[in-house]
Amino acid sequence: MDERQLRILRELGDLGSVTAVAEALHVTPSAISQQLRLLQRSLPVPLTERAGRRLVLTDAGQALAAAAVHVESALAQARHAVTDFAEQADGDVSVAAFHSAASSFFPPLLRSLAGPGSPRLALADEDVAQDDFPALTRRYDLVLAHRLDHGPPWPRTVTSTTLLREPLDVALPAGHALACRPALTPHEVADQPWITVHDGFPLMQTIKAIAVVANRRLDIVHRINEFAVVAEVVAAGGGLALMPRWTARPHPGVVLRPLSAIHARRDIDVLHRPERAARKAVRTVLAALHAAAAHVRSQDRAGTPATPRTGASRPCTGRETPDPQG
């Protein structure tokens, strides 16, 4: 039996005929009769009987019709509970992000959603390979993930929205001979030692592209995923690295320079299961993430749009690319 069949049985007891029930529910009499037959098949005792030309409820049918009132009331309460939960503005929302996105997005989220009535955030860092991000949507309401903007799309089982399309720049020690250049080519950087991420992470595709364009294999000496650590190793002379222009923290001993001849950019996307967005609290956090992303982009526009930010130290004298952070 289902809710619709119980509703028909209840209406039959109140209205006294199949025709009246059909008119009340805006369906045909044959549809009402079919549902009554299906309900009857699920029960061992008769629910209806003929009284002349009318179909009336038996004692068992009247008992079930009375129970149907309680069933409909319980279901209505359940629907209201779900609606109240979905519209609860201060509900719990879990957000996961890889490290550099967490550093850039978690603080503004906490600041913008600190007031009364705001969602209660549960934040977590998840440094996983690109293919493993969709699976995280089982555990978290929202997942910040990264991929190269020309890479394969996310699976259809998740909803994705791009927050940032972030350039990737070459990170050099502040005193490096190439730091005076406004931009660098793959041939200029291919003979340098390199610090890269582990296999399976999006930046490796750009590293491979540099090797292809330069027609030589790069000398990868260190494998480090955390950009704060990468910056320290670059500053100490451990090699060159690719770093995101906006979401990696500036380091006084590191200079960032754009890479020419290669489409070096990554997308920062927010992933979630479609049903999660039915909650008002989740939609509120999504809006806050987009506002934070707009703020990150606007900071870059304060200077020359194509100019990367650099550390405080200046390795060269003479004319250099302006620092948009200054």
Side-chain angles (χ1 to χ4, degrees), residues 1-96 117-122 124 132-143 154-161 270-286:
M1 69 181 70
D2 61 29
E3 178 188 3
R4 180 176 54 174
Q5 294 166 352
L6 292 176
R7 172 82 184 278
I8 288 172
L9 189 71
R10 177 185 176 186
E11 296 294 346
L12 180 61
D14 290 342
L15 299 175
S17 74
V18 169
T19 300
V21 174
E23 291 176 354
L25 300 182
H26 306 289
V27 296
T28 64
S30 61
I32 296 297
S33 298
Q34 181 183 19
Q35 290 302 314
L36 288 172
R37 286 194 296 270
L38 291 173
L39 177 61
Q40 182 63 73
R41 290 175 187 172
S42 66
L43 296 167
V45 295
L47 300 175
T48 61
E49 61 185 1
R50 287 287 175 183
R53 300 183 64 181
R54 297 174 61 245
L55 188 68
V56 298
L57 300 185
T58 63
D59 290 343
Q62 291 175 5
L64 184 57
V69 176
H70 300 294
V71 171
E72 286 199 66
S73 297
L75 289 172
Q77 291 176 355
R79 292 190 190 96
H80 288 310
V82 171
T83 299
D84 291 343
F85 173 74
E87 293 303 315
Q88 186 178 4
D90 60 350
D92 296 327
V93 179
S94 56
V95 184
S118 297
R120 294 182 297 274
L121 295 172
D132 294 330
F133 279 111
L136 294 177
T137 59
R138 295 189 185 96
R139 295 163 48 197
Y140 301 99
D141 293 310
L142 300 170
V143 175
W154 300 111
R156 294 181 179 180
T157 54
V158 300
T159 298
S160 66
T161 306
V270 56
L271 311 181
H272 61 86
R273 294 197 166 192
E275 65 272 16
R276 302 294 178 97
R279 295 177 53 209
K280 184 176 181 179
V282 172
R283 296 195 303 272
T284 299
V285 177
L286 272 172

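Values in this document were obtained by computation on a predicted structure and should not be read as measured data. Counting begins at 1 with the first residue of the sequence.
A distance-only check finds no donor-acceptor pair linking the side chain of Ser160 to the backbone of Trp154 [under 3.5 Å]. A donor-acceptor contact shorter than 3.5 Å is absent between the side chain of Glu11 and the backbone of Val18. Between the side chain of Arg10 and the main chain of Ala65, no donor-acceptor pair closer than 3.5 Å is present. A donor-acceptor pair is defined here as one N or O able to donate and one able to accept, closer than 3.5 Å; no such pair exists between the side chain of Arg276 and the backbone of Leu142. Distance alone, capped at 3.5 Å, places no donor-acceptor pair between the Thr159 side chain and the Arg273 backbone. Between the side chain of Gln5 and the main chain of Asp2, a donor-acceptor pair closer than 3.5 Å is present.
Side-chain contact check for Leu47 versus Leu57: every heavy-atom pair is 4.5 Å or farther apart. Side chains of Arg50 and Leu55 form a contact here, defined as non-hydrogen atoms less than 4.5 Å apart. No side-chain heavy atom of Glu23 sits less than 4.5 Å from a side-chain heavy atom of Leu15.
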Checklist entry - How far apart are the C-alpha atoms of Leu64 and Leu43, what are their side-chain angles, what is the distance that settles it, and do they pass the side chain to side chain contact (heavy atoms under 4.5 Å, CB included) test? => result CA-CA 11 Å; Leu64 184 57; Leu43 296 167; 3.6 Å; yes

Checklist entry - Between Thr19 and Ser17, does a side-chain hydrogen bond (donor to acceptor under 3.5 Å, both in side chains) hold up when you go through it step by step? => result CA-CA 5 Å; Thr19 300; Ser17 74; 4.9 Å; no

Item to check | Step-by-step side chain to side chain contact (heavy atoms under 4.5 Å, CB included) determination, His272 to Asp141 | outcome: CA-CA 6 Å; His272 61 86; Asp141 293 310; over 6 Å; no

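If you take OG1 on Thr48 and CZ on Arg37, they are separated by 10.5 Å, rounding to the nearest 0.5 Å. Here the CZ-CG distance, from Phe133 to Leu271, works out to 8.0 Å after rounding to the nearest 0.5 Å. Note that CG of Leu6 and CG of Leu39 are 6.0 Å apart. Values are rounded to the nearest 0.5 Å. Summarising the geometry, atom CD belonging to Gln40 is positioned 13.5 Å from atom CD belonging to Gln35; distances are rounded to the nearest 0.5 Å.
Annotation for Val45 and Ala60: closest pair CG2-CB, 3.7 Å, computed over non-hydrogen atoms. Residues Ser94 and Arg139 share a closest heavy-atom pair of OG-O, 3.9 Å. Among all heavy-atom pairs drawn from Pro119 and Val93, the shortest one is CB-CG2, 4.0 Å. Closest non-hydrogen pair, Ala22 versus Pro29, comes out as CB-N, 3.6 Å.
For the pair Arg7 and Glu3, the salt-bridge criterion is not met [side-chain N within less than 4.0 Å of a carboxylate O].
Other residues, nucleotides and ligands contribute at most 12 non-hydrogen atoms within 6.0 Å of the CZ atom of Arg4.
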